[in-house]
*Asks:* 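Below you will find the structure I want to go over with you.
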Amino acid sequence: MDIRKIFTLKILTYLANQHKMITLQKRVGFREIFYNLLMKLDKDSDLYKMRHSAAHVMAAAVCRLYDDVQLDIGPPTNEGFYYDFDVPHRFTPENFEAIEKEMVRFIQEDHPFECMEVSREEAKQIIADQHQKYKLERLADIPEGDKITFYKCGEFVDLCRGPHVERTGHVKTFKLLSVAGSYYRGRETNPMLQRLYATAYNHDKELRKYLKQLEEAKQRDHRKLGKALDLFSIQEDVGPGLILWHPKGARIRSLIEDDWKQKHFHGGYKLVYTPHIGKAKLWETSGHLGFYKESMFAPMDIEGMEYFTKPMNCPFHIKIYQSQKRSYRDLPLRWAELGTVYRYEKAGVLHGLLRVRGFTQDDAHIFCAPEQVEEEIKKVIRFAIDVWKDFGFSDITAYLSTRPDKAVGEANQWEKATASLEQALQAESIPYEVDVGGGAFYGPKIDMKVKDTIGREWQMSTVQFDFNLPDRFNMKYVGEDGKEHRPYMVHRALFGSLERFFGILLEHHAGAFPLWLAPEQIRVLPLTDHQFGYAQSVIKTLQEKGFRVSQDIRSEKVGAKIRKAQIEKVPYMLILGPKEEDSGSVSVRRRSGDQSSMTIEGLAETIMREINAKA
RNA sequence: GCCAGCGUAGCUCAGUCGGUAGAGCGGCUCAUUCGUAAUGAGCAGGUCAUCGGUUCAAUUCCGAUCGCUGGCUCCA
């Protein structure tokens with residue numbers, strides 16, 4: 001094995017642990033979802049200080065109420081604060097009231113926060129006296145030369161950088177929210193601590209607002225809406241993280257896909273389809289078996305050959321590239337696929353549609369000559385913005401990730417690629433942040449996040465250079481000079497995965513899909529069965545115009561029919577009674593509650609306009 | 001994977017300190033023919049997640065398994 005191979009292998013092993021391959025799925029959960037709900041707090045802000053102090057108060061209360069409390073850390077966060085404990089007692093939400101009561105008492109006692117600066121030796125002594133093993137390790141983390149401070153309030157003394165409010169009495173309104181396990185220092189090999197999450201605000205009103213936001217987000221939870229609107233399900237018998245798309249959900253997905261495909265054809269992409277499985281050798285060449293195997297489903301044996309379910313589409317696209325000799329005249333090649341991939345994700349991280357085991361990437365690979373790359377990146381960014389617009393997303397932030405310490409490819413390649421990414425962002429005037437060293441080992445990347453209706457940011461698109469795969473597959477094109485050259489390869493996904501995107505879209509619209517995506521656009525509600533005939537003719541007319549129409553012919557009052565349609569978030573309801581039948585018109589009620597009377601032609605026109613506007 | 005909690009009708013949930021379960025919505029049937037968010041009556045529907053243990057008896061207690069939920073360094 002030559003040196004280069006050994007080096008590559010080392011990097012790959014290292015990266016296997018870092019999980020730095022395009023995952024296109026991001027961690028989700030309560031905390032990430034709300035991470036951007038509120039403005040990022042300034043570390044020196046009063047609220048931040050107060051929350052930090054509240055964390056101490058909570059720890060003090062816990063120390064009073066329970067025996068053998070080992071403290072770890074208790075930082076303020078953008079939403080509140082938490083504190084990690086190692087206690088023999090198992091916390092449950094039933095304990096919250098008692099802890100909150102004790103916290104109130106502690107606050108009312110109004111202890112001053114006293115800062116004590118000590119030497120390292122003194123610090124060790126204090127911690128040793130308290131028998132706080134985690135604190136001792138945390139102390140060791142403090143760099144030599146830094147100040148070491150303790151904060152004391154009442155009987156509670158904690159190693160802490162501060163700052164704090166002056167007295168516990170300054171801690172205002174707070175509430176314990178949840179209890180969760182958390183590994184000490186976040187490492188799986190460390191002991192599991194118990195984390196109490198809480199929040200604190202300066203005013204009751206703000207706390208109530210925050211709790212209301214939590215409640216609202218819960219109401220628009222895609223898992224809840226997915227069930228209520230009969231869009232999809234995940235069933236135990238099928239398997240965790242595997243999605244069943246019900247007819248209505250599938251209809252929406254199909255509309256999303258149609259839009260996506262049309263846009264891609266217009267944008268100079270060509271579609272490809274590739275299989276779900278491939279031979280082991282392919283995944284060896286691509287390197288996946290070296291560094292991504294843990295995330296792949298187990299192999300299957302077919303006629304003595306090992307096959308793997310694909311976790312990514314790239315190798316197949318590369319094989320299409322290599323099906324013939326390529327000239328510089330062929331480039332750039334832009335190949336897109338709605339490719340369904342399977343990845344093994346730990347059971348504990350699965351989450352509705354947002355984190356799954358089988359999903360369809362809206363994947364594309366661009367193969368181009370080095371000099372074309374900057375223009376291609378610009379195109380991709382413009383393209384992404386254009387596609388999002390259709391779905392009601394316009395607030396975008398980008399994150400540019402540059403070369404990590406361990407990386408493949410030459411430094412000047414990286415520089416050039418990174419520069420093209422940055423120039424593209426500037427050219428499109430997209431606000432971006434730079435994550436120095438945050439790129440994947442095989443190339444720099446841009447991740448783009450969009451903001452939803454309630455202000456949450458979701459990572460969606462990713463544009464990634466790849467200096468690794470073209471090498472591994474020994475990809476070539478014949479240049480103007482008649483010599484062989486290595487093409488540049490760019491991976492990109494706009495939605496990330498259709499499942500995840502659908503989940504985000506569902507929450508974004510709170511289930512009330514815009515007309516062009518609504519699985520059922522119009523519901524006809526005959527007032528009595530005398531109007532059934534007229535209803536049929538209205539339905540026929542509208543269906544012939546291509547609208548998605550249904551009817552409610554139950555023996556119910558119109559109020560009940562409307563209620564049902566409202567709950568199912570049907571955009572247009574047509575109430576048909578004798579008046580409408582006599583005049584050949586329709587009484588229109590929109591989802592918003594707006595009412596009007598129209599001719600069928602007028603309605604069709606209005607609806608058509610709304611569909612075309614994708615409003 | 002790990003910690004904690006949870007799993008009762010299609011859905012949302014109540015209940016049983018061990019004696020095999022109930023509501024509302026939904027479904028079906030019948031009556032009602034109604035004007036912008038719920039007409040009335042009746043009926044059907046459950047191996048109380050699965051498997052094992054304790055017990056005269058388990059949906060209830062214990063254990064395992066499966067699944068779901070909240071989390072698992074915004075660093076003293």
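Hydrogens, waters and symmetry mates play no part in the numbers below; they use all other heavy atoms, side chains included. Numbers restart at 1 for each chain; the letters A, B, ... are given by sequence-line order, proteins then strands.
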*Asks:* Which nucleotide in the set B:rU73, B:rC2, B:rG35 lies at the smallest distance from any side-chain heavy atom of A:Tyr82?
*Replies:* B:rU73

*Asks:* Between the base of B:rU36 and the side chain of A:Ser587, is there any donor-acceptor pair under 3.5 Å?
*Replies:* yes

*Asks:* Using Watson-Crick or G-U wobble pairs with both distances under 3.5 Å, give me RNA chain B in dot-bracket, 5' to 3', with [ ] for crossers and | for pairs to another strand.
*Replies:* (((((((..((((.....[..)))).(((((.......))))).....(((((..]....))))))))))))....

*Asks:* Determine which pairs satisfy salt bridge (charged side-chain N to carboxylate O under 4.0 Å, His left out) with at least one residue from residues 208-217 of chain A, sequence neighbours left out, and list them in order.
*Replies:* A:Glu216-A:Arg220

*Asks:* Give one of base, sugar-phosphate or nothing for A:Gly559, where a contact means two heavy atoms less than 4.0 Å apart.
*Replies:* sugar-phosphate

*Asks:* Taking only the C1' atom of each, what is the distance from B:rG67 to B:rC43 in whole angstrom?
*Replies:* 33 Å

*Asks:* Among B:rG35, B:rC75, B:rA37, which is the nearest nucleotide to the side chain of A:Ile567?
*Replies:* B:rA37

*Asks:* Give one of base, sugar-phosphate or nothing for A:Thr528, where a contact means two heavy atoms less than 4.0 Å apart.
*Replies:* base

*Asks:* Which pairs with one or both residues in residues 570-594 of chain A pass salt bridge (charged side-chain N to carboxylate O under 4.0 Å, His left out), sequence neighbours excluded?
*Replies:* A:Arg590-A:Glu610

*Asks:* Categorize A:Lys147 for me: base, sugar-phosphate, or nothing, with a 4.0 angstrom heavy-atom threshold over every strand shown.
*Replies:* base

*Asks:* If a pair satisfies salt bridge (charged side-chain N to carboxylate O under 4.0 Å, His left out) and one of its residues is in residues 55-65 of chain A, list it, with sequence neighbours excluded.
*Replies:* A:Arg64-A:Glu102, A:Arg64-A:Glu109, A:Arg64-A:Glu155

*Asks:* Using the C1' atom in both, what is the distance from B:rC48 to B:rG7, to the nearest Å?
*Replies:* 10 Å

*Asks:* Once you apply a heavy-atom cut-off of 4.0 Å, does A:Glu580 come out as touching a base, just sugar-phosphate, or nothing?
*Replies:* base

*Asks:* Among B:rU36, B:rG70, B:rG35, which is the nearest nucleotide to the side chain of A:Lys579?
*Replies:* B:rG35

*Asks:* Which of the following nucleotides, B:rU39, B:rC75, B:rC74, is nearest to the side chain of A:Lys557?
*Replies:* B:rU39

*Asks:* What interatomic distance, in whole Å, is found between P of B:rC25 and the corresponding atom of B:rG42?
*Replies:* 12 Å

*Asks:* Does A:Arg223 put a side-chain nitrogen or oxygen below 4.0 Å from OP1 or OP2 of B:rG70?
*Replies:* yes

*Asks:* Does a side-chain N or O of A:Arg589 approach OP1 or OP2 of B:rA37 to a distance below 4.0 Å, or not?
*Replies:* yes

*Asks:* Roughly how many Å apart are B:rG27 and B:rG19, using the P atom of each and rounding to a whole number?
*Replies:* 35 Å

*Asks:* Among B:rG1, B:rU33, B:rC34, which nucleotide sits nearest the side chain of A:Asp529?
*Replies:* B:rU33

*Asks:* Scan for ring pair (Phe, Tyr, Trp, His ring centres under 6.0 Å) pairs involving residues 122-142 of chain A, sequence neighbours excluded, and state none if there are none.
*Replies:* A:Tyr134-A:Tyr184

*Asks:* Quick one: A:Asp552 CG to B:rU33 C1', roughly how many Å, whole number?
*Replies:* 14 Å

*Asks:* Who are the salt bridge (charged side-chain N to carboxylate O under 4.0 Å, His left out) partners of A:Lys135, not counting sequence neighbours?
*Replies:* A:Asp158

*Asks:* Under 4.0 Å, heavy atoms only, any strand: does A:Arg185 hit a base, just the sugar-phosphate, or nothing?
*Replies:* base

*Asks:* Kindly indicate, with the supporting measurements, whether the criterion salt bridge (charged side-chain N to carboxylate O under 4.0 Å, His left out) is fulfilled by A:Glu520 and A:Arg251.
*Replies:* CA-CA 9 Å; A:Glu520 184 184 343; A:Arg251 184 77 226 226; over 6 Å; no

*Asks:* Can a salt bridge be assigned to the pair A:Lys248 and A:Asp230 using a cut-off of 4.0 Å between side-chain N and carboxylate O?
*Replies:* no

*Asks:* Looking only at side-chain atoms of A:Arg195, point me to the closest of B:rU73, B:rC74, B:rG35.
*Replies:* B:rU73

*Asks:* Please state whether the phosphate of B:rU12, meaning OP1 or OP2, lies under 4.0 angstrom from any side-chain nitrogen or oxygen of A:Lys227.
*Replies:* yes

*Asks:* Looking at the side chain of A:His530, which of B:rG35, B:rU73, B:rU33 is the nearest nucleotide?
*Replies:* B:rU33

*Asks:* Please confirm whether the shortest side-chain N or O distance from A:His351 to OP1 or OP2 of B:rC68 is below 4.0 Å.
*Replies:* no

*Asks:* Can you list, by residue number, the residues of residues 235-244 of chain A that have a non-hydrogen atom closer than 4.0 angstrom to RNA chain B?
*Replies:* A:Glu236, A:Pro240

*Asks:* Using a strict threshold of under 4.0 Å (side-chain N to carboxylate O), is an ion pair present between A:Glu568 and A:Lys564?
*Replies:* yes

*Asks:* Hey, would you say the A:His56 and A:Phe156 ring centroids sit under 6.0 Å apart?
*Replies:* yes

*Asks:* Quick check for you: among B:rC74, B:rA4, B:rA38, whose closest atom lies nearest to any side-chain atom of A:Arg563?
*Replies:* B:rA38

*Asks:* Could you pull out all residues at least two apart from A:Phe150 that satisfy ring pair (Phe, Tyr, Trp, His ring centres under 6.0 Å)?
*Replies:* none

*Asks:* Given the rule in the side chain to side chain donor-acceptor pair (under 3.5 Å) test, do A:Asn95 and A:His89 qualify, once you have shown the distances and angles that lead to the verdict?
*Replies:* CA-CA 10 Å; A:Asn95 304 138; A:His89 172 78; 2.9 Å; yes

*Asks:* Could you list, one pair per line, each protein nitrogen or oxygen that sits under 3.5 Å from a nitrogen or oxygen of nucleotides 27-32 of chain B, together with the distance?
*Replies:*
{"from": "B:rU32", "atom 1": "N3", "to": "A:Ser555", "atom 2": "OG", "distance (Å)": "2.6"}
{"from": "B:rU32", "atom 1": "O4", "to": "A:Ser555", "atom 2": "OG", "distance (Å)": "2.3"}

*Asks:* With sequence neighbours excluded, give me every salt bridge (charged side-chain N to carboxylate O under 4.0 Å, His left out) pair touching residues 548-557 of chain A.
*Replies:* A:Asp552-A:Arg554

*Asks:* Hey, which of these two, A:Val179 or A:Pro93, hits RNA chain B nearer its 5' end, going by closest nucleotide?
*Replies:* A:Pro93

*Asks:* Taking B:rA9 as the reference, what is the distance to B:rG46 when you measure between their C1' atoms (whole Å, please)?
*Replies:* 5 Å

*Asks:* Does NZ or CZ of A:Arg51 come closer than 6.0 Å to the centre of the six-membered ring of A:Phe81, within 45° of the ring's axis?
*Replies:* no

*Asks:* When the P atoms of B:rA64 and B:rU69 are considered, how many whole Å apart are they?
*Replies:* 22 Å

*Asks:* Assert yes or no for the condition that the ring centre distance of A:Tyr201 to A:Tyr210 is strictly below 6.0 Å.
*Replies:* yes

*Asks:* A:Met192 side chain: which of B:rG35, B:rC2, B:rU39 is closest?
*Replies:* B:rC2

*Asks:* In whole Å, I'd like the distance from the CD1 atom of A:Ile553 to the P atom of B:rC34.
*Replies:* 18 Å

*Asks:* Please give the distance between the C1' atoms of B:rU16 and B:rA23 as a whole number of Å.
*Replies:* 15 Å

*Asks:* Report the residues that fulfil side-chain contact (heavy atoms from CB on, under 4.5 Å) with A:Val341, sequence neighbours left out, ordered by chain and then residue number.
*Replies:* A:Lys310, A:Asn313, A:Arg343, A:Phe359, A:Gln361

*Asks:* Compute the centroid of each ring, for A:Tyr572 and then for A:Phe547, and state whether the two points are separated by less than 6.0 Å.
*Replies:* no

*Asks:* Give a yes or no on this: more than 12 heavy atoms of other residues, nucleotides or ligands lie within 6.0 Å of atom CG of A:Asp141.
*Replies:* yes

*Asks:* Which residues, if any, of residues 128-146 of chain A bring a heavy atom under 4.0 Å of RNA chain B?
*Replies:* A:Lys135, A:Arg138, A:Ile142

*Asks:* What's the gap between B:rC6 and B:rU59 when it is taken at their C1' atoms, as a whole Å value?
*Replies:* 15 Å

*Asks:* Here's a test of your reading of the structure: between A:Tyr344 and A:Pro578, which maps to the more 5' nucleotide of RNA chain B?
*Replies:* A:Tyr344

